[in-house]
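Keep in mind it's a predicted model, so treat the numbers as computed, not measured. When a ligand or atom number is given, it counts from 1 through the structure's own listing order. Heavy atoms only: backbone and side chains are in, while hydrogens, waters and symmetry mates are out.
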Amino acid sequence: HDGTIYVTGSYSRLYAVDVKTGQKKWQYDHRLPEGIMPCCDVVNRGAAIYKDKIYFATLDARLVALNKDTGKVVWSKKLADYQAGFSATAAPLVVDGKIITGNSGGEFGIIGMVEARDAETGELIWQRPTVEGNMGTLNGKESTMTGKLNASWPGDMYKTGGGATWLGGTYDPETKTLFFGTGNPAPWNSHLRPGDNLYTSSTLAIDPSNGEIKWHYQTTPHDGWDFDGVNELVSFDLKKDGQVIKAGAKADRNGFFYVLDRTNGKLLNASPFVTKITWAKEIDLKTGRPVYIDDNRPGAPEAAEKGKSVFAAPAFLGAKNWMPMAYSPATDLFYVPANEWGMDIWNEPITYKKGAAYLGAGFTIKPLYNDYIGALRAIDPKTGKIVWEYKNPAPLWGGVLTTAGNLVFTGTPEGYLKAFDAKSGKEVWHFNTGSGVVGSPVTWEQDGEQYVAVVSGWGGAVPLWGGDVAKLVKDINQGGSLWVFKLPKA
Ligand code: CA
């Protein structure tokens, strides 16, 4: 923005860097208290700029507004109680002068939330809980309940039901709608919460003016595998049979690539984007619901004993995790950073305790193939067919970028930023940054030249939770650096 690159880093830090020279202009280090509870490393997924301020969320569940030129704090607001397991890692959105945020902490029995605040003052405008039975607010008063009390949750389970919105959301100005994905229901042990457990593992379409839910689509009803439905819904024009449909696509953690009508949430198509899915046979296009394979759900614990262990694919880290896919209107293809892995998973007895992990499950992640885990796949949304793929030894954990010049960029844990031909998938360029790339490339034009930048720095959920895969990637160097490239003019 105006010759400055803003980068959010680990431990809730934000850097402003001069594009042309790489010189640091300022740095903000958020003072984190003892006892924060990030589940999956000390990550942050980005900032938002509006007028003279830059906004980002912090690991102690605060939203901070800084002056974008000086890095000085303008306001700092508490989003939630970090001692109850809440944190904040999502990039905020700016819509109509409001800052829209999600929350994190679904592994601690928190309640997922989408919130809107005044960009100038940080005052709360509305809140929308993502778990059915909890009450929303608007302008300081109760507004409407999310869903219907106890319709899809037994007893008091909805009070600690998860559904964190930790990836943040997207906004579609054409339909004036926010799209937020919601995380897993809590606890992981699904036998404790019979029902669909709305609105966890779903995409919610939300009215930005008042926080009301316009529609929802649940990708994994009654999830039992930690299939967070947080993945981004990307708006696009689906050209099919001579028509143009206002559509949205989502590559879900559960292994299916969904195409929805984004005006009403109706399912148009769903197809696997990984080679092995054990939990469901398919998605029924009439009902929009998965056809479960009941034997492949981890069993219920009996008394103090763990339940039946199953081998499940995808692994809970997902056929796709946080890393955003990209869409090119030039090729009409989506580019999805996928991973091929499975897990042994079983359930264990659990009771809720404030600020403690609330899983009731154990697991070990395993690769499916000897030669690769990551797979960047080009998908045709009209058919769900995979047009090309690039296989990567380590799991892909970085975002994807397409350009009007028909390039696709993504990074790898092995340290490479890579460029592919968007039509053929041929690798046309790579550069090693010295640490694993788990950030998202960005591009812009400045003084007649096109730039591409990426942050490099290994970390996140894979080394912490990856089981046998974590052992495979244990020698990757940590580090944090920002790399800026120019594209050739020709
Ligand atoms: Ca989760």
Student: Using a distance threshold of 3.0 Å, what protein N/O/S atoms lie below it relative to the Ca ion (ligand 1)?
Tutor: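 Protein N/O/S atoms under 3.0 Å of the Ca ion (ligand 1): E107 OE2, N184 OD1, D226 OD1, D228 OD1, D228 OD2.
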
Student: Can you say whether the rings of Y292 and W225 are parallel (under 30°), tilted (30 to 60°) or perpendicular (over 60°)?
Tutor: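 Geometry flag for W225 against Y292: parallel rings.
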
Student: Taking all atoms of both residues into account, what is the closest heavy-atom pair of D226 and R253, and its distance?
Tutor: OD2-NH2, 2.7 Å

Student: Measure centre to centre between the rings of F334 and Y327, then say whether the value is under 6.0 Å.
Tutor: yes

Student: Going by the angle between their ring planes, with limits at 30° and 60°, are F273 and F257 parallel, tilted or perpendicular?
Tutor: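 Aromatic pair F273/F257 classed perpendicular.
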
Student: Sequence neighbours excluded, which residues qualify as salt bridge (charged side-chain N to carboxylate O under 4.0 Å, His left out) partners of E107?
Tutor: none

Student: Stepwise, does the side-chain hydrogen bond (donor to acceptor under 3.5 Å, both in side chains) test hold for E414 with N392?
Tutor: CA-CA 9 Å; E414 291 90 339; N392 196 67; 3.0 Å; yes

